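I have placed the structure first, in the form of structure tokens, so that the comments after it can refer back to it.
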Protein chains: 2
Amino acid sequence: MANLQDVAQRAKVSKTTVSRYLNGSLELPKRTAEAIDTAIRELDYVPNAHARRLSLGRSETIALMVPDISTPFFSTFVASVEAEADRRNLSLSLHATLNRREREISYLDHIRQGRADGLIFITNHAGDAALADKINTAGPCVVVDEDVPAARVPKLFCDNEAGGYAAGRHLAEIGHRHFLFIGGVDEMISGARRHAGFLRGVHEVAGEAARVERACGPYTFEAGRSAARAFVARGDTRPTAIFATSDELLIGLYEVLRDSGLSVPRDVSIVGFDDVGPLHLFAPAVTAVRQPVRELGKRALELLLDHKPEEDGTLPQEELLPVTLIERDSVAPPIRSA
Amino acid sequence: MANLQDVAQRAKVSKTTVSRYLNGSLELPKRTAEAIDTAIRELDYVPNAHARRLSLGRSETIALMVPDISTPFFSTFVASVEAEADRRNLSLSLHATLNRREREISYLDHIRQGRADGLIFITNHAGDAALADKINTAGPCVVVDEDVPAARVPKLFCDNEAGGYAAGRHLAEIGHRHFLFIGGVDEMISGARRHAGFLRGVHEVAGEAARVERACGPYTFEAGRSAARAFVARGDTRPTAIFATSDELLIGLYEVLRDSGLSVPRDVSIVGFDDVGPLHLFAPAVTAVRQPVRELGKRALELLLDHKPEEDGTLPQEELLPVTLIERDSVAPPIRSA
DNA sequence: CCGGTTTACTGAACCGGTTTACCGACCGAA
DNA sequence: TTCGGTCGGTAAACCGGTTCAGTAAACCGG
């Protein structure tokens, strides 16, 4: 393959000239410019990205770390980051961590190796100090969706508290007084904030009469199924409304409920969270708090690229994107008084 | 940041020694090895990936081009490729083409720039000669899921014909004689083969009595909706069974049917294709031909890495992965005789 | 004590760009 | 005639690894 030198030789100029001409740091008279253009065409010259990157010290690539790519939430997120990256002529290097710490840490080293100029980081487990430390020293990074508390980098979340609040109010206003909140452990802000918001919404409407139970767990199908099985097994002491705080939890929940003979929303009302999958086609269509996933992706990249490292000693900002409650058919007034 | 030279100096050896030691091309006595290890630790040395790549002439990265990342089918595919790439210590560079030729072509140039050592290419429109030419000259590449006819590279598809056949037989065996096939234009092998298989399956069971109509179009929600609207508008001359040949088509179809008052499977039986989304939770649960998406991703990378460029002049192989018909609740015998 | 082998390393070229610092020719003005 | 400035470039260092082709010293058998 032809390189700069070959082009220069053929155009009877120096490497420097060709390089500067191509980067626009040198105006050339028409004759010379044409000679170079011709040489490039004839040799089918394509610049070598590695040489360029080594020389420039950057990779024109940003890395994206997510727990799993195949879930609708993350894949939509990835798609929106990719679109924004492409708009800026950046490559996107994608890594699935499967929520495992050692993978997260090893990928963080990739950044230091120069494989990426910046990182958008999503984890789904409560971060620890070692992880935060890696993040703080890895280079440009933004943390999205779930907090890593000790990380001193820009952060971007959806408004989890407001989402929980909307779900809580909605269910309480329609008459429910006994609730099951599924998902999230308190170390994770999405769980803690959705829960706090839910409590606030419920109590604001229903006062102290309301009872909110909680089934903690990760945002997985299996956690949804297992919470649902426990729910079904309780018989008449069951809450009348469930807030399933992720699409996966909701799907697991739906699977078990559908097999259990319980009917939604007659026997139990349900509100979901995320609303990225085709929840409107489920039986019945699911009322859910919708996360602005595409905006999340776009904004994450903006934050990453526009953020200037702490000018003073202040902490980088934490930004919240608004959520929306989408009403469908999975919520109705309670029949039983539980 | 420390580089190889710094490490060498500190360990009182040469760059060469450190480099070869790290790459395992040199055995060292314990004392020297320890000196180097210590120097690396003390300087917090991390090798520079760009320098390494330039020197080695490869990028330890493979590129993946898909039309869209956010659909369940592609995101699952991406996830499986990523997993396999990670297992082999390769980075994955992700690109969404949005099915646009100029994007496909421009990304293909990335390969020649050395940004990736190989490419897994998926397109969703009938490829043309210019595209095939780019593919043939871009470097290591495999074409997956949909054909680019003139490309002389390994190809990997699911067994579309067998999938169509299974769907056709299944619907015919249960009593249907009048069908609507939705999706795919004939220039695309997935469409052509699914259609051919469907016809074969139907006619094998129902003989010449069977009528198969076809609504061509891309694999999109909107095409599904529009085919469904046309279907609903026909009133009593409607076919009694529909084969919707992608998850997106199926979802569009379901949306319109659900609003139209037609009931599945009483008024119309439906078989889908892909079966990646949570089709088992739809109302009613969808009978569908399942593609082995994860195997597709894993195998694609294997083909890419293990394929040696045409040893003789023969065309690289085309490989087919088997599909499965998953029976659920969207198929029943026809009521009306249409 | 000599020649050959092994051990333990090393110098310098090379990958292919970018960039700094500088140079020679020509032109217009003083 | 000489000085300064613009035009049109260029030589060479640099980015940070890998690797070919050796070499110096120790060792060892005869």
Side-chain angles (χ1 to χ4, degrees), chain A residues 1-37 39-40 43-61 89 91 109-117 139, chain B residues 1-37 39-40 43-61 89 91 109-117 139:
Chain A
M1 276 202 77
N3 62 18
L4 248 194
Q5 181 72 282
D6 301 333
V7 173
Q9 232 157 58
R10 184 155 195 132
K12 298 199 199 342
V13 291
S14 73
K15 272 172 63 169
T16 311
T17 305
V18 180
S19 173
R20 296 188 55 192
Y21 168 62
L22 290 177
N23 296 319
S25 78
L26 185 61
E27 290 290 283
L28 285 182
K30 213 192 292 181
R31 292 208 33 167
T32 317
E34 270 167 14
I36 294 178
D37 290 337
I40 289 177
L43 294 171
D44 195 20
Y45 168 73
V46 178
N48 179 304
H50 299 315
R52 184 183 160 78
R53 289 170 178 183
L54 173 59
S55 193
L56 254 28
R58 45 186 155 82
S59 44
E60 286 151 327
T61 296
N89 277 314
S91 288
D109 278 331
H110 282 18
I111 309 281
R112 295 219 314 153
Q113 293 181 358
R115 289 152 175 259
D117 299 332
Chain B
M1 275 202 76
N3 61 20
L4 204 57
Q5 179 72 277
D6 302 333
V7 173
Q9 232 156 59
R10 184 153 194 135
K12 300 201 199 340
V13 291
S14 73
K15 272 171 63 167
T16 310
T17 304
V18 181
S19 174
R20 297 188 55 193
Y21 169 62
L22 291 177
N23 295 319
S25 77
L26 184 62
E27 291 290 284
L28 286 180
K30 213 192 295 182
R31 291 207 35 168
T32 318
E34 270 166 13
I36 293 178
D37 290 337
I40 288 176
L43 294 171
D44 195 19
Y45 167 73
V46 179
N48 180 305
H50 298 316
R52 184 181 161 78
R53 289 170 178 182
L54 173 59
S55 194
L56 253 28
R58 47 187 155 81
S59 45
E60 288 153 324
T61 295
N89 276 315
S91 288
D109 278 331
H110 282 19
I111 309 281
R112 296 219 313 153
Q113 293 180 359
R115 289 153 176 258
D117 300 333

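Numbers restart at 1 for each chain; the letters A, B, ... are given by sequence-line order, proteins then strands. In this text, all values refer to a predicted model and were calculated from it rather than measured experimentally.
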Legend entry - Watson-Crick and G-U pairing of DNA chain D, under 3.5 Å, as dot-bracket with | and [ ]: ||||||||||||||||||||||||||||||

Inset, instruction - Provide the closest heavy-atom pair for B:Asn3 versus B:Tyr45 in the form atom of the first, atom of the second, distance. - result: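 Heavy atoms only, the tightest pair is C-CE1, 3.5 Å.
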
Inset, instruction - Identify the heavy atoms of B:Ala8 and B:Ser14 that sit nearest to each other, and give their distance. - result: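 Answer, listing the atom of B:Ala8 first, then B:Ser14: CB-C, 3.5 Å.
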
For residues 23-34 of chain B, dump all side-chain donor-acceptor pairs below 3.5 Å to protein atoms at least two apart in sequence or in another chain.
residue : atom : partner : partner atom : Å
B:Asn23 : ND2  : B:Ser19 : O            : 3.0
B:Ser25 : OG   : B:Arg20 : NE           : 3.2

Legend entry - Any pair counted as side-chain hydrogen bond (donor to acceptor under 3.5 Å, both in side chains), so long as it reaches residues 51-61 of chain A, sequence neighbours left out: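 Qualifying pairs: A:Arg52-A:Glu60, A:Ser59-A:Asp117.
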
[X]: which residues meet the side chain to side chain contact (heavy atoms under 4.5 Å, CB included) condition with it, sequence neighbours left out?
X        : answer
A:Ala51  : A:Asn48, B:Leu54
A:Gln113 : A:His110, A:Arg115, B:Val46, B:Ala49
A:Ala11  : A:Val13, A:Ala35, A:Ile36, A:Ala39

Legend entry - Pairing residues for A:Tyr21 by the side chain to side chain donor-acceptor pair (under 3.5 Å) criterion, not counting sequence neighbours: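 A:Tyr21 satisfies side chain to side chain donor-acceptor pair (under 3.5 Å) with A:Asp37 once adjacent residues are dropped.
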
Inset, instruction - Using side chain to side chain donor-acceptor pair (under 3.5 Å) as the criterion, list what pairs up with A:Asp44, not counting sequence neighbours. - result: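 By the side chain to side chain donor-acceptor pair (under 3.5 Å) rule, A:Asp44 matches B:Arg112.
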
Inset, instruction - Specify the residues of residues 13-26 of chain B, ordered by number, for which at least one heavy atom lies under 4.0 angstrom from an atom of DNA chain D. - result: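 DNA chain D contact set from residues 13-26 of chain B: B:Lys15, B:Thr16, B:Ser19, B:Arg20, B:Asn23.
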
Inset, instruction - Using a cut-off of strictly less than 4.0 Å between a heavy atom of the residue and any atom of DNA chain D, enumerate the qualifying residues of residues 43-59 of chain A by number. - result: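 Result for residues 43-59 of chain A: A:Leu54, A:Ser55, sorted by number.
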
Inset, instruction - Would you mind listing every salt bridge (charged side-chain N to carboxylate O under 4.0 Å, His left out) that reaches into residues 3-18 of chain B, with sequence neighbours excluded? - result: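 Checked against salt bridge (charged side-chain N to carboxylate O under 4.0 Å, His left out) - neighbours excluded - the pairs reaching residues 3-18 of chain B are B:Arg10-B:Glu42.
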
[X] [atom1] - [N] [atom2] separation (whole Å):
X       : N      : atom1 : atom2 : answer
B:Leu28 : C:dT6  : CG    : P     : 19 Å
B:Gln9  : D:dG17 : CD    : P     : 13 Å
A:Leu4  : C:dT18 : CG    : C1'   : 9 Å
A:Glu60 : C:dT18 : CD    : C1'   : 12 Å
A:Glu27 : D:dT6  : CD    : P     : 15 Å
A:Lys12 : D:dG8  : NZ    : C1'   : 17 Å
A:Met1  : C:dC14 : CE    : P     : 20 Å

Legend entry - Residue list, salt bridge (Lys or Arg N to Asp or Glu O under 4.0 Å) with B:Asp109, at least two apart or on another chain: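 Once residues adjacent in sequence are excluded, the partners of B:Asp109 under the salt bridge (Lys or Arg N to Asp or Glu O under 4.0 Å) criterion are B:Lys134.
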
